[in-house]
Amino acid sequence: MILAETPERAALWDHCLTCPTCRAIDAQGANRNLPCETRDRLAAEHQQARSST
């Protein structure tokens, strides 16, 4: 299933692709999954938008 592009989803993707915290990797090249308040806020907005449709 391909999800429809929404402004909330686009904002989340744009943030995660450019945020140094979201993109941080460890010595093995795996994402460190560091806490990011902006990502969490955008993800919550995206989830809320999905729930209201």
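Computed over heavy atoms, backbone and side chain alike; hydrogens, waters and symmetry mates excluded. All figures in this text were calculated on a predicted structure; none of them were measured in a lab.
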List, one per line, each side-chain donor-acceptor pair under 3.5 Å for residues 33-40, sequence neighbours excluded.
unit_1, atom_1, unit_2, atom_2, d
R39, NH1, L34, O, 3.4
R39, NH2, L34, O, 2.9

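- A donor-acceptor pair under 3.5 Å is absent between the side-chain atoms of E8 and the main chain of L42, judged by distance alone.
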Using distance only, find each side-chain donor-acceptor pair of residues 13-20 under 3.5 Å and give its atom names and separation, not counting sequence neighbours.
unit_1, atom_1, unit_2, atom_2, d
T18, OG1, D14, O, 3.0
T18, OG1, H15, O, 3.3

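- To the nearest 0.5 angstrom, R9 atom CZ is 9.0 Å from R50 atom CZ.
- Applying the salt bridge (charged side-chain N to carboxylate O under 4.0 Å, His left out) rule to R41 yields the partners E45; only residues at least two apart in sequence or on another chain are considered.
- A donor-acceptor pair under 3.5 Å is absent between the side-chain atoms of D26 and the main chain of N31, judged by distance alone.
- S52 and A49 make their closest contact through OG-O, 3.0 Å (heavy atoms, listed as atom of the first residue, atom of the second, distance).
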